[in-house]
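First up is the structure itself, then whatever we jot down about it.
Predicted, not measured: the structure shown is a model, and the values here were computed from it. Proteins get letters first, then strands, A, B, ... in listed order; numbering begins at 1 in each.
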Protein chains: 2
Amino acid sequence: MNLLTRNTDYAVRALIYMAGKAPERVSTADLLRDLRLPRPFMRKTLQTLQKAGYLDSVKGKNGGFSFLISPEKIVLNDLIVLFQGPVSMGDCLFRKKVCSCMRTCPLRKEIKTIESLALGHLRSVTVASLMR
Amino acid sequence: MNLLTRNTDYAVRALIYMAGKAPERVSTADLLRDLRLPRPFMRKTLQTLQKAGYLDSVKGKNGGFSFLISPEKIVLNDLIVLFQGPVSMGDCLFRKKVCSCMRTCPLRKEIKTIESLALGHLRSVTVASLMR
DNA sequence: TTTAATGATACCACCGTAGTATCATTTGTC
DNA sequence: GACAAATGATACTACGGTGGTATCATTAAA
Ligand code: FES
Ligand code: FES
């Protein structure tokens, strides 16, 4: 079980790198020079971040990406949601009448507790808080 | 992202049901009468639990399963490990020299914290503690 | 005009989860 | 002993998500 998929991880690392260079514009090529990972994948990831409104982009020569939202305001949990969907560990898998409990189910309660703890942390981490 | 797979969920629910009837022996058919889920899957799940040493089994007519380890000592985390592998959310996905940090990486640190919290909970929950 | 960059999109491979199928073995009951 | 009811063992298929690739169009600086 992995909390972050590769995609999210790529995104976080890219953003951290970019934050280190901000407000300078950074291209995919720049990123690949330091983070050695599959180029087309990186591109896709950046495009996703751009579409989601985190990054501004400039086409053409000397183009690249820069922050539209400052690193202090980019929250880890939002990145997870963007690339993996919402963190909800506790959905009952049997909701079609099999489960009598549902609201009182102690198993769900435990899982929801864990989920809340995790979310609390994930929502308090920003890209800025990660760069040290 | 789901913390428990269906398989684990089945197992937990089956064990809770069985604990309610203990020390009576329970057959797959009994379980299916109350928990309506795919029969072959349930069977496989029970066999896994038996092989893992949680359950005793008796073949033949009036056969079925009973506890070898008491419900108080069956820990949720162990069931997760059995059916899904160890809960380790924090393995760095880039360990092949890409990551300079690794031991100091703040991202890993956050995730490891969450993992520890989750594990703490999962290790404190037993089948017995779930039946109320 | 060339070249370096992104935008958009479609595609493929692998693997884990979920679920199915089959046959062998044991054991109580008539 | 024959039958039925149960588990043991194991092999197989289907689907979806993750990870990764490929292509072509568009923009803009030099
Ligand atoms: S297991 Fe589904 S609500 Fe309890
Ligand atoms: S992201 Fe791999 S150790 Fe920091």
For DNA chain D, which residues of residues 43-53 of chain B approach it to below 4.0 angstrom with any heavy atom?
B:Arg43, B:Gln47, B:Gln50, B:Lys51
Would you call A:Arg108-B:Asp9 a salt bridge at under 4.0 Å N-O?
yes
Matching residue for A:Phe65 among A:Thr28, A:Leu31, A:Asp56 - test: side-chain contact (heavy atoms from CB on, under 4.5 Å)
A:Thr28
Whole-Å gap separating C1' (C:dT20) and CZ (B:Arg6):
15 Å
Using the side chain to side chain donor-acceptor pair (under 3.5 Å) rule, collect all pairs that involve residues 67-84 of chain B, keeping only residues at least two apart or in two chains.
B:Thr8-B:Gln84, B:Ser70-B:Glu72
Any donor-acceptor pair under 3.5 Å linking the side chain of A:Arg25 with the backbone of A:Asn62?
yes
Starting at atom CZ of B:Arg39, determine the distance to atom C1' of C:dT22, rounded to an integer number of angstrom.
14 Å
Which part of the nucleic acid, if any, lies within reach of A:Pro40 when heavy atoms closer than 4.0 Å are counted: base, sugar-phosphate only, or nothing?
base
Between P on C:dT17 and CZ on B:Phe83, what's the gap in Å once rounded to a whole number?
12 Å
Atom CG of B:Leu3 and atom C1' of C:dT17: how far apart are they, to the nearest Å?
15 Å
Could you list the residues that satisfy side chain to side chain contact (heavy atoms under 4.5 Å, CB included) with A:Ser129, not counting sequence neighbours?
A:Val125, A:Thr126, A:Arg132
Measure CG/B:Leu4 against C1'/C:dG16 and give the value in whole Å, please.
16 Å
Reckon B:Tyr10 has a side-chain N or O less than 4.0 Å from the OP1 or OP2 of C:dA18?
no
Quick one: is B:Ser27 getting a side-chain N or O under 4.0 Å of the D:dA5 phosphate, OP1 or OP2?
no
Can you name the side-chain hydrogen bond (donor to acceptor under 3.5 Å, both in side chains) partners of B:Asp30, sequence neighbours left out?
B:Ser27, B:Arg33
Residues of residues 56-70 of chain A with a heavy atom under 4.0 Å from any atom of DNA chain D, listed by number, are A:Lys59, A:Gly60, A:Lys61, A:Asn62
Looking at B:Lys21 and B:Glu24, is any side-chain nitrogen of the basic one under 4.0 Å from a carboxylate oxygen of the acidic one?
no
To the nearest Å, how far apart are A:Met1 CE and C:dT17 C1'?
15 Å
Quick check: closest heavy atoms across B:Pro86 and B:Val81, and the distance to 0.1 Å?
CA-CG2, 4.0 Å
Rounded to the nearest Å, what distance is computed from the CG atom of residue A:Asn2 to the P atom of nucleotide C:dG16?
12 Å
Whole angstroms only, please: what is the CZ-C1' distance between B:Phe41 and D:dT10?
15 Å
Given C:dT6, is OP1 or OP2 found less than 4.0 Å from the side-chain N or O atoms of A:Thr28?
yes
Remaining members of hydrophobic cluster (4.5 Å side-chain criterion), A:Leu117
B:Leu117
